[in-house]
Every structure is written in structure tokens, then in C-alpha cells.
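Encoded as C-alpha cells, the structure appears first; notes follow it.
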Amino acid sequence: MAKKATIKYIDDDDRCYGLTGMAMGIVIWDREDLLNAINLDAEADNMMEFTPYYYFAGNPRMSARFAWNQIVSHYQLSIGLLMANVMCRTYVHDHKQLSKDTLDLIKEYVAEEGRATCSLDDDEISIIFDKQLSYLHRLFSHPGVQRVATEFADDLRQRRHMTVGEVVEGFRPLAML
């Protein structure tokens with residue numbers, strides 16, 4: 001029987017590298033305004049402590065187009081964080097490439113979420129997915145990025161909790177690459 005693909009954490013190191021990937025995503029996409037802190041000891045769905053703005057659902061006075069663009073932007077960030085989590089764990093921690101089964105699992109989740117939250121069609125979802133995948137593949141394949149991610153994960157493993165300022169400072173070396 002073939003092993004079914006999963007993106008669940010297998011141990012504390014795996015969680016650490018997953019959280020490292022998501023924190024890196026927040027920094028590289030300049031979305032630090034959405035983050036208060038990260039906490040390695042929190043439940044998996046609460047390891048990133050977001051600001052209230054992250055959860056902002058809109059304003060009845062804003063146009064429908066503006067609201068939809070905000071929803072799509074939030075969707076793109078969310079799937080980017082998921083992909084950064086899995087890719088950091090796979091590329092940096094495990095020194096492997098994503099398996100086809102794992103990639104298919106992520107794409108399935110991304111498609112379901114895109115249809116449900118943004119009413120996107122499959123072509124629109126594929127464009128967003130492929131763009132994120134291509135960018136994150138290049139990012140996490142870079143030896144310098146892998147070094148920075150490993151150093152950040154080592155620091156996070158010791159501290160267990162970091163404020164947004166500490167996260168940004170930890171990824172400052174990325175600016176030199």
C-alpha cells in the first residue's frame with residue numbers, strides 16, 4: 001500500500017521549519033503589519049499571532065471590487081504561507097524536492113479555498129498557484145536563503161517565541177542576497 005501524502009507536522013523540528021517558512025513569507029511579502037509574533041509552542045493553527053487587521057472582513061462603505069480584491073489578496077497570502085511552510089520543511093530541513101503527491105495535495109487545498117473564498121475559476125487558481133510555486137521554488141532552492149532559514153530555525157527553536165521585530169531582524173540577512 002502506497003503512503004498517502006500529508007502535510008501534517010511529524011516532530012518539533014518539522015514544526016520549527018514550517019513556522020520559519022511562514023515567517024519568511026510574511027517578511028518577503030512585506031506583510032509585517034499583519035503579524036504580532038510567532039510561537040512555536042502554540043497549537044499548529046495558532047503559531048502565527050496575527051494583528052486584528054489580518055482578520056479585517058471589510059467595511060460596508062467600500063466598493064464590492066475593493067472588497068473582492070482584499071479577499072483575493074488575503075487568499076494569495078494564505079496560500080503563500082502554506083506553500084512557504086511546506087517548502088521550507090521539504091527543501092531546507094529535509095533537503096528534498098516536493099513530491100508530486102504533496103504538490104497535488106497542496107494544489108487541491110488551494111483550489112478548494114480559491115473556489116470557496118474568492119469564487120475563482122480553475123484557470124485563475126492555477127495562475128496564482130503556479131506563480132507562488134515558481135517564486136517559492138527559486139527562493140527555497142537558493143543556498144543563501146537556506147542558510148538564513150536554518151539559522152532562523154535554530155534561533156526560533158531556542159527562543160520558542162519571537163515578536164514581529166525579532167522576526168524581521170532574523171531575516172535581515174535576506175536583503176544581502
Side-chain angles (χ1 to χ4, degrees), residues 7-59 62 66-67 69-96 98 106 109-110 113 117-118 128-129 131-177:
I7 57 173
K8 292 185 181 198
Y9 297 118
I10 57 171
D11 59 24
D12 199 50
D13 272 353
D14 197 39
R15 285 173 54 90
C16 185
Y17 276 88
L19 186 52
T20 294
M22 291 189 300
M24 185 183 292
I26 287 285
V27 172
I28 63 172
W29 289 309
D30 295 323
R31 297 310 315 256
E32 298 91 354
D33 61 314
L34 301 178
L35 185 68
N36 279 328
I38 58 174
N39 184 349
L40 189 57
D41 295 320
E43 292 295 319
D45 56 349
N46 290 317
M47 291 191 305
M48 297 193 84
E49 299 170 17
F50 291 107
T51 65
Y53 184 69
Y54 178 82
Y55 302 101
F56 180 67
N59 181 330
M62 70 175 59
F66 182 81
N69 285 335
Q70 289 291 100
I71 292 168
V72 171
S73 176
H74 191 272
Y75 164 73
Q76 289 174 320
L77 177 63
S78 295
I79 67 165
L81 294 177
L82 168 66
M83 293 171 76
N85 175 310
V86 175
M87 292 175 92
C88 188
R89 292 160 52 195
T90 305
Y91 286 49
V92 181
H93 182 252
D94 298 338
H95 307 287
K96 297 178 181 176
L98 287 176
I106 295 169
Y109 171 77
V110 165
E113 194 68 18
T117 62
C118 308
I128 293 169
F129 178 83
K131 181 179 177 184
Q132 293 278 31
L133 181 64
S134 175
Y135 177 74
L136 291 170
H137 170 75
R138 287 190 319 272
L139 180 75
F140 286 111
S141 295
H142 190 284
V145 171
Q146 290 183 358
R147 180 185 45 77
V148 171
T150 299
E151 290 170 2
F152 185 92
D154 290 344
D155 194 26
L156 176 59
R157 192 176 300 105
Q158 290 177 350
R159 292 182 187 206
R160 313 299 291 182
H161 183 274
M162 297 172 108
T163 65
V164 66
E166 293 166 331
V167 169
V168 170
E169 185 62 31
F171 288 116
R172 190 170 308 280
L174 291 176
M176 303 300 182
L177 300 178

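Since the model is a prediction, treat every value here as computed from it, not as a measurement.
- Taking the ring pair (Phe, Tyr, Trp, His ring centres under 6.0 Å) definition, one finds that Phe140 meets it with nothing, sequence neighbours left out.
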Enumerate, atom names and distances included, each donor-acceptor pair closer than 3.5 Å involving a side-chain atom of residues 38-49, sequence neighbours excluded.
from, atom 1, to, atom 2, distance (Å)
Asn39, OD1, Asp41, N, 2.9
Asp41, OD1, Arg160, NE, 3.1
Asp41, OD1, Arg160, NH2, 2.7
Asp41, OD2, Arg160, NE, 3.4

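- Evaluation of the salt bridge (charged side-chain N to carboxylate O under 4.0 Å, His left out) rule for Glu151 yields Arg147 as partners, not counting sequence neighbours.
- A distance of 13.5 Å separates CG in Leu133 from CD1 in Ile128, rounded to the nearest 0.5 Å.
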All N/O donor-acceptor pairs, side-chain side in residues 19-32, below 3.5 Å, sequence neighbours left out:
from, atom 1, to, atom 2, distance (Å)
Thr20, OG1, Cys16, O, 2.8
Arg31, NE, Asp33, OD1, 3.4

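- Heavy-atom minimum distance, Cys118 versus Ile71: SG-CG2, 3.8 Å.
- Among residues two or more places apart in sequence or in another chain, the ring pair (Phe, Tyr, Trp, His ring centres under 6.0 Å) test is passed with Phe171 by Phe152.
- With sequence neighbours left out, Asn36 forms a side chain to side chain donor-acceptor pair (under 3.5 Å) with no residue at all.
- Side-chain contact check for Arg15 versus Asp12: some heavy-atom pair is nearer than 4.5 Å.
- Pairing each heavy atom of Leu82 with each of Ile7, the nearest pair is CD1-CD1, 3.7 Å.
- A heavy-atom distance below 4.5 Å is not found between the side chains of Leu139 and Met87.
- A side-chain donor-acceptor contact under 3.5 Å links Glu166 to the backbone of Thr163.
- With sequence neighbours left out, His137 forms a ring pair (Phe, Tyr, Trp, His ring centres under 6.0 Å) with Tyr91.
- A donor-acceptor pair under 3.5 Å is absent between the side-chain atoms of Ser73 and the main chain of Asn69, judged by distance alone.
- Between Leu77 and Leu34, some side-chain heavy-atom pair lies under the 4.5 Å cut-off.
- Atoms NE2 and CG, from His93 and Asp13 in turn, are 4.0 Å apart once rounded to the nearest 0.5 Å.
- Contacts classified as salt bridge (Lys or Arg N to Asp or Glu O under 4.0 Å) and involving residues 85-96 (residues at least two apart or in different chains) are given here: Asp14-Arg89.
- The distance from atom CD1 of Ile79 to atom CD of Glu113, rounded to the nearest 0.5 Å, is 9.5 Å.
- Identified under the salt bridge (Lys or Arg N to Asp or Glu O under 4.0 Å) test for residues 133-145, with sequence neighbours left out: none.
- By the ring pair (Phe, Tyr, Trp, His ring centres under 6.0 Å) test, Phe50 pairs with Tyr54, sequence neighbours left out.
- Residues that satisfy the side-chain contact (heavy atoms from CB on, under 4.5 Å) test with Thr150, not counting sequence neighbours, are Tyr17, Val92, Asp154.
- By the salt bridge (charged side-chain N to carboxylate O under 4.0 Å, His left out) test, Arg172 pairs with Glu169, sequence neighbours left out.
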